[in-house]
2 protein chains.
Amino acid sequence: MKKTQPERGRPRAFDRDVALRRAMEVFWAQGYEGASVGDLTAAMGIERPSLYGAFGCKEALFREAVELYGREESGATGRALAREPTARAAVAAMLRDNAAVYVEPGKPPGCLVVLAALVGTPESAPVRQALAERRARVRAAIAARVRQGMAEGDVSRDADPDAIAAFYGTVLHGLSLQARDGMAKEDLLAICEAAMAAWDPLAAPS
Amino acid sequence: MKKTQPERGRPRAFDRDVALRRAMEVFWAQGYEGASVGDLTAAMGIERPSLYGAFGCKEALFREAVELYGREESGATGRALAREPTARAAVAAMLRDNAAVYVEPGKPPGCLVVLAALVGTPESAPVRQALAERRARVRAAIAARVRQGMAEGDVSRDADPDAIAAFYGTVLHGLSLQARDGMAKEDLLAICEAAMAAWDPLAAPS
DNA sequence: GGAGAAACATACCGATTGGTACATAAAGGA
DNA sequence: TCCTTTATGTACCAATCGGTATGTTTCTCC
């Protein structure tokens, strides 16, 4: 998978993966526009030209950081939706596990995809759109899981999977705001529980 | 109320209130750090020194803009919480009316208090905190309305007003994200309806 | 042991950031 | 009429923004 063929010139003096992870943490904490190239190089332990040589430009670095985040830090959603036996358990686990992840010590609270580029200058619109598409994919995944539940009989045939997904996606995204505002884990979990109180009226089979 | 005593020097050549409103719209659309002083003066129709003379600095202008927003653009929440006869109707109206306001044509979608300063450089931390406090006040107002419902008998005595407020506050804030992502009004309203499906399990008197 | 290729650090680029000095203009008070 | 006060437009400030040119170092290939 990782092709590290013997390279020609001078070998890179830093670990690209580690540097990318440091960059991700800066973007995660300060957002795309709030993270200056100086902030990034300082956290990555490299000089400017090394950053541009290895990643191209700030936006490309950010996109790689978002992919790394999706790969390593946001697995809870997909895991919950895939592994739980019913749609209800899947959504409940998705909320609960994300709430826990959003306040892990040593990491910026909340989700990078939600927080890193919500508003800003017109120049960064492509970056904002890229994150918006990732958020839309989460909503689509929830809707798909609800549809699966309808097919398997644990969700009412009269349920509206898109509306249910929009609601639980909204709660999920809202959790990132609360986490960034400093809310404690138990309060986030109480929000998840409260949101699940809507499940039966919305989706329970008759 | 408006003290316009005859002033001494040269009179201001622009309408301060109108200029502040234009600044508010820029902050609302682009956020605090995403709005440059050049963007602001262009929208306000004035030159830099006039801005600094009338408002002090960028941060002071932002704080005035936030107050103007609270006074003129975010009345739906307080109105709904104050006027509706039951806690349930109050929360439902709060969500519904805000959802409608969040997608009003000609205005930036979503709430300035939620969107304008979520992440950024360490220098703007005071601004972010000011908005976080405003968000906390909304949650406190919801909790107070639920407590009022408990006192008046339309909310169960076993209900947890802080948990209920945290949940509906999360949904309210999440609506701003969805609105900024371009969600249509009817879909936002469907989210509000879904959220209200949790009311009876959470708060209905036994 | 070159020769070529790639990464390194320093030092720089023009553009933009928030914020001002300064001279001028327009008002009220004496 | 003159003086004080305040606002205005131009032109500017140092600092920072994202991004590079350049000369040197360190590697592989022949």
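Proteins get letters first, then strands, A, B, ... in listed order; numbering begins at 1 in each. Below, all heavy atoms of this structure are taken into account, side chains as well, without hydrogens, waters or symmetry copies.
- Not counting sequence neighbours, the partners of B/Arg21 by the salt bridge (Lys or Arg N to Asp or Glu O under 4.0 Å) test are B/Glu72, B/Glu73.
- Remark: A/Asp187 engages no residue in a salt bridge (Lys or Arg N to Asp or Glu O under 4.0 Å) (not counting sequence neighbours).
- At least one side-chain nitrogen or oxygen of A/Arg12 sits closer than 4.0 Å to the OP1 or OP2 atom of C/dA7.
- A salt bridge links A/Glu59 with A/Arg63: the distance from a Lys NZ or Arg NE/NH1/NH2 to an Asp or Glu carboxylate oxygen falls below 4.0 Å.
- Sorted by first and then second residue, the side-chain hydrogen bond (donor to acceptor under 3.5 Å, both in side chains) pairs involving residues 78-97 of chain A (not counting sequence neighbours) are A/Arg88-A/Asp200.
- A heavy atom closer than 4.0 Å to some atom of DNA chain D occurs in B/Glu47, B/Pro49, B/Ser50, these being the qualifying members of residues 35-66 of chain B.
- The distance from atom CD of B/Glu33 to atom C1' of D/dT16 is 13 Å, rounded to the nearest whole Å.
- Applying the ring-ring contact (aromatic ring centres under 6.0 Å, His included) test to every pair with at least one member in residues 58-83 of chain A, sequence neighbours left out, gives these pairs: A/Phe27-A/Phe62, A/Trp28-A/Tyr69, A/Tyr32-A/Phe62.
- Each of A/Gly9 and B/Gly9 was assigned the nucleotide of DNA chain C with the nearest heavy atom; the assignment lying further toward the 5' end belongs to A/Gly9.
- One can place CZ of B/Arg10 at 9 Å from C1' of D/dT6, the figure rounded to the nearest angstrom.
- Under the salt bridge (Lys or Arg N to Asp or Glu O under 4.0 Å) criterion, A/Arg12 pairs with no residue at all, not counting sequence neighbours.
- C/dG18 atom C1' lies 11 Å from atom CD of B/Glu123, rounded to whole Å.
- Here the nucleotide nearest the side chain of A/Pro11, chosen from C/dA26, D/dC29, D/dC27, is D/dC27.
- Residue B/Arg16 contributes atom CZ, which lies 15 Å from atom P of D/dT6 at whole-angstrom precision.
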